[in-house]
2 protein chains.
Amino acid sequence: MTTEHSPGTAGRRAYHHGDLRQAVLAAALDVIASDGPGALSLRDLARRAGVSHAAPAHHFKDRTGLLTAIAAEGYDLLARALADAPDLRERGVRYVRFAAAHPAHFRVMFEPALHRADDPGLLAAKERASAELRAGVTDLADGAGTDPRTTGIAAWSLAHGFATLLLTHNLDEPLAGRDPGELFHALAGLTFGRDGTFNGQHRNGI
Amino acid sequence: MTTEHSPGTAGRRAYHHGDLRQAVLAAALDVIASDGPGALSLRDLARRAGVSHAAPAHHFKDRTGLLTAIAAEGYDLLARALADAPDLRERGVRYVRFAAAHPAHFRVMFEPALHRADDPGLLAAKERASAELRAGVTDLADGAGTDPRTTGIAAWSLAHGFATLLLTHNLDEPLAGRDPGELFHALAGLTFGRDGTFNGQHRNGI
DNA sequence: ACACTCATCTTGTCAGTGACTAGATTCCTC
DNA sequence: GAGGAATCTAGTCACTGACAAGATGAGTGT
């Protein structure tokens, strides 16, 4: 239960948890993924970790601090997941896979009311993820006359909408157990070409 | 403040509020739209309406009941907003406009953890909205060999993602005060043809 | 006018929660 | 091994959601 940080004190409950921050984060992700951020209780997380009710506050200041840390971690994971994607379509697939693999992070990231918007760590991670998203679109700025900005919003909307509907169980029936990434890959083929450009550009370019 | 239900008792505070249900609903939508569902407090809503802290419970049973009522009302409003749309593209625009006009409803609708999933009223309203969404896609089932089901998910994802990003303030900068509906109209033109079919169908059909 | 019933609202209460404070314990570094 | 910083405990306060019991008023039939 409580991790013993020193072998010598085996049997006696350690005063220090060892890695309370990680334990609280992990428990919080569990709760959020299954019951949403509203079901989060700092005292419950403390109980799960086997520490007093006020212990988590030292690591995260308050509830908002915990959620801010989760959001920042989420943006960081997303940025890393998107890096080095070959084209826009694959980037979208990775976006969807990220949401499926880290549902708690994803939900908290896109609920601004939950975190401290001016947190430096959050802002930095968000900027990294944002840069990765933008990078995916500039690849196709060489195309026809369509505004790349608008195109980027379209691509982001498609992936984000799919991910959101997935997490809110609105695609459970159509998926029927299939891999969400595969379905999105197929679906993106209807709107994006294999080379990562919009079909509309080709059509307009003819 | 408190509506007097009888002219004779003017000046004396009425024992009955008059329309507490509507007052609580309206206040709840205000709070949710500005600070999210997590900031909802039944006692605060009661205070705003000028009634005792337990009065709202009679109308909504509990917190979940209140949110379920909001979700049901939202699905009902959405179904009505989508009805009689000329084509899929316009249906998408209306979907986005609905989210912008009823942000609180929209947020609660797509957070299943907040409502009682087996509520009959909710299920009925949800089915009405779902039927309207499906109706928009069957219009283009006459097209080429692409799976209409997949096409429907793509269209829904695009509109839903745009709406979600809009409400989470991720499109504030690109929009810069412009009408979200207009931007989505333009954006949908990149993926849907003017007649409400996917560009990809034409391309494949050539 | 009267009794009956039901919906609505009030008052009182309970356990659980987030935030804060002061103090105890342990770790780390010099 | 001493001092300081990090981590955790214990106690408290205001607030919240949920529940129960009772008060008030509206509507209805006679």
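Letters go in sequence order (proteins before strands), and every chain restarts at 1.
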Check side chain to side chain donor-acceptor pair (under 3.5 Å) between B:Thr168 and all other residues, then give those that pass, not counting sequence neighbours.
B:Asn170

Could you check whether A:Leu40 gets within reach of a base, just the sugar-phosphate, or nothing at all, counting any heavy atom under 4.0 Å?
sugar-phosphate

Nearest-Å distance for atom pair CG/P, residues B:Leu20 and C:dC9
5 Å

Among the nucleotides D:dT12, D:dT16, C:dT10, whichever has the atom closest to the side chain of A:Arg43 is D:dT12

Step by step, would you call B:Glu90 with B:Arg97 a salt bridge (charged side-chain N to carboxylate O under 4.0 Å, His left out)?
CA-CA 10 Å; B:Glu90 171 64 17; B:Arg97 290 227 159 94; 5.4 Å; no

Of residues 54-64 of chain A, the positions that come close to DNA chain D - non-hydrogen atoms, cut-off under 4.0 Å:
A:Ala54, A:Ala55, A:His58, A:His59

B:Arg47 side chain N/O closer than 4.0 Å to the phosphate oxygens (OP1, OP2) of D:dT16?
yes

Do A:Leu187 and A:Leu158 have side-chain heavy atoms sitting under 4.5 Å apart?
yes

Are any side-chain N or O atoms of A:Arg89 and backbone N or O atoms of A:His185, one a donor and one an acceptor, separated by less than 3.5 Å?
yes

Just jot down the ring-ring contact (aromatic ring centres under 6.0 Å, His included) partners of B:His115, sequence neighbours excluded, or say none.
none

Can you measure B:Asp44 atom CG to D:dG17 atom C1' for me and round it to whole angstrom units?
14 Å

Taking only residues at least two apart or on different chains, which pairs with a member in residues 55-70 of chain B satisfy side-chain hydrogen bond (donor to acceptor under 3.5 Å, both in side chains)?
B:Asp62-B:Arg116

Looking only at side-chain N and O atoms, does B:Ser41 come under 4.0 Å of OP1 or OP2 in D:dG17?
yes

Check each residue of residues 21-33 of chain A for a non-hydrogen atom within less than 4.0 Å of any atom in DNA chain C, then write out the ones that pass by number, or none.
none

Write out all pairs satisfying side-chain hydrogen bond (donor to acceptor under 3.5 Å, both in side chains) with one or both partners inside residues 30-45 of chain A, taking only residues at least two apart or from two chains.
A:Asp44-A:Arg48

Taking the side chain as C-beta and beyond, is there a heavy-atom pair between B:Phe106 and B:His160 under 4.5 Å?
yes

Any N or O donor-acceptor pair under 3.5 Å from the base of C:dG16 to the side chain of A:His53?
no

Do the side chain of B:Arg94 and the main chain of B:Ala83 share a donor and acceptor less than 3.5 angstrom apart?
yes

Length of the line joining B:Leu42:CG and D:dT16:P, which is rounded to integer Å:
10 Å

